Amino acid sequence: MSDAYLALEDGRVVEARGRVPGRTRGELVFTTAYTGYEESLTDPSYEEQVLTFSYPLIGNYGVRAERFESDRVHPRAAVAREFTEEVVEWLADEGVPAVDHLDTRDLVTSIREEGAMKVGIAVGEDVTPEDAKEELAQCKGMSEHVDIGAQVTTTELTTYEGDGDTTVALVDCGAKGSIVDSLVDRGATVHVLPYDADAEDVSALEPDVLFISNGPGDPENYTATRELVEEFAGEVPLAGICLGQQIVASALGGTTEKMAFGHRGVNQPVRDLQTGKVVMTTQNHGYTVADPGDKLDVTQVNVNDDTAEGLASEELSVITRQYHPEAHPGPHDSLGFFDDVLAMAGTEGNEHKPRVVASD
Ligand SMILES: NC(=O)CC[C@H](N)C(=O)O
């Protein structure tokens, strides 16, 4: 008898060792990141997903709150070949079910072949495969979480003061803390707004840049945020990261679609189409921009599958990234994006000229 079962959408039930008890469900995804488990587990973009680590040992350098990207763990459950005791204690404190001692290579191969799939999980002394199947039966697809932004956003305007002249209105659809840090470190004052902020809320801040954050789920469900982009495009420079790129594209006439299993890891190669340079990037997304529309140009692409990794419009002053230039976890190669965003703002005291071509 096992004390943990995973019921997969493809009909299989996988046995595992229970580390943190509970019953839950979500979309089963994997990350190939070999460091950064604290950052990944606290990334709000993982809301409503079950995160499988393909790296076999998770927790070997401890758990430190200073590395967290938000104030809680977001995946509904965590799966690894082996979790250390310290990670298990953290996940137990957070009430997030965890399992290990299963063949994660097999799980990852299934997701690669069949795509991200729903999973039901049951962990505890008396659980049965039927319990996991019951969870699976109640599991929604990611796009069915129509108001997922409400689960991860700030509920009130919060301001982080920088010592420069640029004011950024950051719409929080589940923003990682490192995005705020990267902007404040460069002197920007960042006003973090709820995901459903309206045009008046934004105008009141007189921002130099409207910045749409990363976040979980289907970009087409973020109606209020898309309306903000429509309203301010051409009036205020626009920036976006990950979900932010998808929302900007969708608002400006482009389309988005769900990927088979997405990109999650810290070594995704991205080519800048103007410079030809390739950088290694951190990624965590299951949707992508299928067509950028007439107003935006694709400026960067994924080397593995050619998907759009950067978009821009010189005319409208827009730059976006599908990957995570703020890193945490992952390489710092693309931090220059934040300099480009502030340069685009063209505020007084900024030594750069406004431009939309990336330097990263
Ligand atoms: N990191 C993110 O912002 C994720 C974006 C979006 N929710 C996706 O899965 O594609």
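Starting from 1, each residue takes its place in the sequence as its number. Values in this document were obtained by computation on a predicted structure and should not be read as measured data. Every number for a ligand or one of its atoms is a count from 1 in the order of the listing.
- The aromatic rings of Tyr222 and Tyr195 stand perpendicular to each other, their planes meeting at an angle above 60°, with 30° marking the opposite boundary.
- The aromatic ring centres of Tyr61 and Tyr37 sit less than 6.0 Å apart.
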Checklist entry - Can you list the steps and then say if Glu82 with His101 is a side-chain hydrogen bond (donor to acceptor under 3.5 Å, both in side chains)? => result CA-CA 6 Å; Glu82 180 99 32; His101 283 196; 3.1 Å; yes
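- Atoms of ligand 1 lying under 4.0 Å from any heavy atom of Leu243, numbered from 1 in the order shown and given with element: 2 (C), 3 (O), 5 (C).
- Those atoms of ligand 1 with a heavy atom of His324 less than 4.0 angstrom away are 1 (N).
- In this structure, Phe83 has its ring center at least 6.0 angstrom away from the ring center of Trp90.
- Counting heavy atoms closer than 4.0 Å to ligand 1, residue Met142 contributes nothing at all.
- Proximity annotation for atom 6 (C) of ligand 1: of Gly217, Cys242, Pro219, Gly217 comes nearest, heavy atoms only.
- The aromatic rings of Phe30 and Phe261 sit parallel to each other, their planes meeting at less than 30°, with 60° as the upper class boundary.
- Electrostatic pairing of Asp100 and Arg81 does not count as a salt bridge here, judged by no charged N lying under 4.0 Å from a carboxylate O.
- Polar contact with ligand 1: present for Asn284 (N/O pair, distance under 3.5 Å).
- A salt bridge is absent between Glu94 and Arg72; no separation between the charged side-chain nitrogens and carboxylate oxygens falls under 4.0 Å.
- Using a 4.0 Å cut-off between charged nitrogen and carboxylate oxygen, Glu315 and Lys295 do not count as a salt-bridge pair.
- Residue-ligand proximity: Gln246 is placed with a non-hydrogen atom under 4.0 Å from ligand 1.
- Considering each of Tyr46, Tyr287, Tyr222, the one bringing a non-hydrogen atom nearest atom 10 (O) of ligand 1 is Tyr287.
- Counting atoms of ligand 1 from 1 in the listed order, those under 4.0 Å from a heavy atom of Gly215 are 2 (C), 3 (O), 4 (C), 5 (C), 6 (C), 7 (N).
- Of all atoms in ligand 1, numbered sequentially from 1 with element shown, those under 4.0 Å from a heavy atom of Gly286 are 8 (C), 9 (O), 10 (O).
- Within the 4.0 Å heavy-atom criterion, the part of Pro216 lying near ligand 1 is the backbone and not the side chain.
- Among the atoms of Arg264, none of the N or O lies under 3.5 angstrom from an N or O of ligand 1.
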